[in-house]
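Structure first, then comments.
So that the names make sense, note that chain A is the first sequence line, chain B the second, and so on, each numbered from 1.
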There are 2 protein chains.
Amino acid sequence: MLTRSEENYLKTILHLSEETQKPVSTNAVADKLSTKAASATDMIQKLAAKGLASYYKYKGVKLTTKGTREALRVVRKHRLWEVFLLKELHFKWDEVHEIAEQLEHIKSPLLIERLDEHLGFPKFDPHGDPIPNANGEVVTIPTTTLSILNPGERCRVICAKDSSSDLLTYLDKIDISLGVEIEIMEFHAFDSSFSIRVEGAGPITLSSKVAENIIIERL
Amino acid sequence: MLTRSEENYLKTILHLSEETQKPVSTNAVADKLSTKAASATDMIQKLAAKGLASYYKYKGVKLTTKGTREALRVVRKHRLWEVFLLKELHFKWDEVHEIAEQLEHIKSPLLIERLDEHLGFPKFDPHGDPIPNANGEVVTIPTTTLSILNPGERCRVICAKDSSSDLLTYLDKIDISLGVEIEIMEFHAFDSSFSIRVEGAGPITLSSKVAENIIIERL
DNA sequence: ATATTTTTTTAGCTTAATCTAAAATATATT
DNA sequence: AATATATTTTAGATTAAGCTAAAAAAATAT
Ligand SMILES: [Mn+2]
Ligand SMILES: [Mn+2]
Ligand SMILES: [Mn+2]
Ligand SMILES: [Mn+2]
């Protein structure tokens, strides 16, 4: 049986190794969990001892098949609870993550299958992230971010890369939500910001940081 | 902020002091939580230090007003989640308690108010226990148990005194659920058991232990 | 190639929550 | 009232998860 802390570490390592196949650094894990490198080293060694991660001193950490399976279980729970909170309890998309961070640790396999069924087997969470199925299978979504587009191109928002309340509240404020269409007007080389137009509304400016956190599909 | 363990102790002390006003013994607390007396002593001293309980060595423990308020918050969460599990996720009444034991520790005042609203502000949980309101007010239900009735009397089941799966599964099996009417046929002094008749069905025998755990109202 | 800086690990402490065994106190029995 | 038994508390360990500070290794700069 995994502890809450072990589950949080597994999930973090999974997310950090999502893009690249390379091992994840101790510092990256510690930063993501707002803890210290020494604590991360301890836990990584513990996960390795349990066969959930492979680890060589100073070389970073990777999840084993078993570790990946456990991490995906937690991610599944997290995202299903997010859907529940948004759809049934009317929380906003920037409020669900924090509560799901607790709910994801509830231990009851039956509970999560019942919840999935109750919600109508949703495929994506409120931030556009795919929900692993009961067998731990996940669809991979594109990773194209708004930041790589050129003036004149059009796209549709499909996912927010970061589920921090800071980003999501800001996107809400400028009327960017999943599914909206955006047209790139200008790119400003000086600070890598963009002028964009959201679905007929007036043009607005997006910083490079924000643009890098909006996952889109080209239209 | 209370830890999970502190919350479990508070809830246990509240329940144990429900009937009598007297302080609760260390052993009673330890037994209910399946832990050891030494551990209970430690935690009771900690609760007293935090102003949640009043405690004098060898004299047992009582909750303070503050402690009672916190305990009732946990009970409120526990019972609302039980309603959710039964009504929305179709768990049986003997399955909800264990999962609610985990869910009751989720920290989010807004979540529980939204859940309450979503469920239509239920007044009782699946076992007939009253749900404290947001201000910590609870209705007190009668404590008359089937075991004090005499042959010829009729009653309606309003609450199960114990939410263990053992009792509830058994009641299910003999078709006793909340609201059913029961007629006392005979009392057997030898083992204090009863012959009863449930809503027109054939007569059955109830042990004294079971009879003591069924809360009823006379008809 | 050496020296400096950064990253990572180790060593040693701390806190919460448990446990067992022994000591202290309270209760029950003769 | 004295003794025996039961209950409760204390003392001392243990385990999980964190921390800081120092040591070791790797990466970067000169
Ligand atoms: Mn979490
Ligand atoms: Mn999400
Ligand atoms: Mn609990
Ligand atoms: Mn209940």
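- Of the side-chain N and O atoms in B:Lys36, none sit less than 4.0 angstrom from OP1 or OP2 of C:dT18.
- Nucleotide D:dT8 holds its C1' atom 17 Å from the CE atom of B:Met43, rounded to whole Å.
- Under the Watson-Crick and G-U wobble criteria, each requiring two contacts below 3.5 Å, nucleotide C:dC13 is paired to D:dG18.
- We find that CZ of B:Arg4 is positioned 11 Å from P of C:dT18, with the value rounded to whole Å.
- Whole-Å rounding puts the A:His105 NE2 to D:dA16 C1' distance at 15 Å.
- For the pair B:Asp42 CG and D:dT14 P, the computed distance is 17 Å after rounding to whole Å.
- Contact check on B:Lys161 versus B:Glu18 returns no salt bridge, with no Lys/Arg side-chain nitrogen under 4.0 Å from an Asp/Glu carboxylate oxygen.
- Taking for each of A:Ser39 and B:Ser25 the nucleotide of DNA chain D with the nearest heavy atom, the 5'-most of the two is the partner of B:Ser25.
- At least one side-chain heavy atom of B:Lys123 sits under 4.5 Å from a side-chain heavy atom of B:Phe121.
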- Query: Between B:Arg79 and B:Glu82, does a salt bridge (charged side-chain N to carboxylate O under 4.0 Å, His left out) hold up when you go through it step by step?
  - Reply: CA-CA 5 Å; B:Arg79 293 181 181 165; B:Glu82 283 190 344; 5.8 Å; no
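- In this structure, the CG atom of A:Leu2 is 19 Å from the P atom of D:dT15, given to the nearest Å.
- At a threshold of 4.0 angstrom between heavy atoms, the contacts of A:Ala38 include nucleobase atoms, whether or not backbone atoms are also involved.
- In this structure, the CD1 atom of A:Ile44 is 12 Å from the P atom of D:dG18, given to the nearest Å.
- One finds no salt bridge joining B:Glu101 and B:Arg4 here, because no Lys/Arg side-chain nitrogen approaches an Asp/Glu carboxylate oxygen to under 4.0 Å.
- Using a 4.0 Å cut-off, some side-chain N or O of B:Ser5 falls inside it from OP1 or OP2 of C:dT18.
- Remark: side-chain polar atoms of A:Lys59 are not paired, donor with acceptor, to backbone N or O of A:Pro23 under 3.5 angstrom.
- Phosphate contact (OP1/OP2 of C:dT10, side-chain N/O of A:Thr41, threshold under 4.0 Å): absent.
- Considering only side-chain N and O atoms, B:Gln45 lies under 4.0 angstrom from the phosphate OP1 or OP2 of D:dT10.
- Classified by interplanar angle (parallel below 30°, tilted 30° to 60°, perpendicular above 60°), the ring pair A:Phe84/B:Trp81 is tilted.
- A sub-4.0 Å separation between OP1 or OP2 of C:dT9 and a side-chain N or O of A:Thr26 is present.
- Regarding contacts with the backbone of D:dA6, every side-chain N or O of B:Asn27 stays at 4.0 angstrom or more from both OP1 and OP2.
- The backbone N or O of B:Lys50 lies less than 3.5 Å from a partner atom in the side chain of B:Lys66, making a donor-acceptor pair.
- For the pair B:Asp31 CG and D:dA6 C1', the computed distance is 13 Å after rounding to whole Å.
- The phosphate of C:dA16 (OP1 or OP2) has no side-chain N or O of B:Thr3 nearer than 4.0 angstrom.
- Here the P atom of nucleotide D:dA16 and the CG atom of A:Leu47 are 13 Å apart, to the nearest Å.
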- Task: For the pair B:Val157 and B:Leu146, evaluate side chain to side chain contact (heavy atoms under 4.5 Å, CB included) and give the outcome as yes or no after the intermediate values.
- Result: CA-CA 8 Å; B:Val157 176; B:Leu146 194 145; 5.6 Å; no
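- Only B:Lys57, B:Tyr58, listed by number, bring a heavy atom of residues 56-63 of chain B to less than 4.0 angstrom from any atom of DNA chain D.
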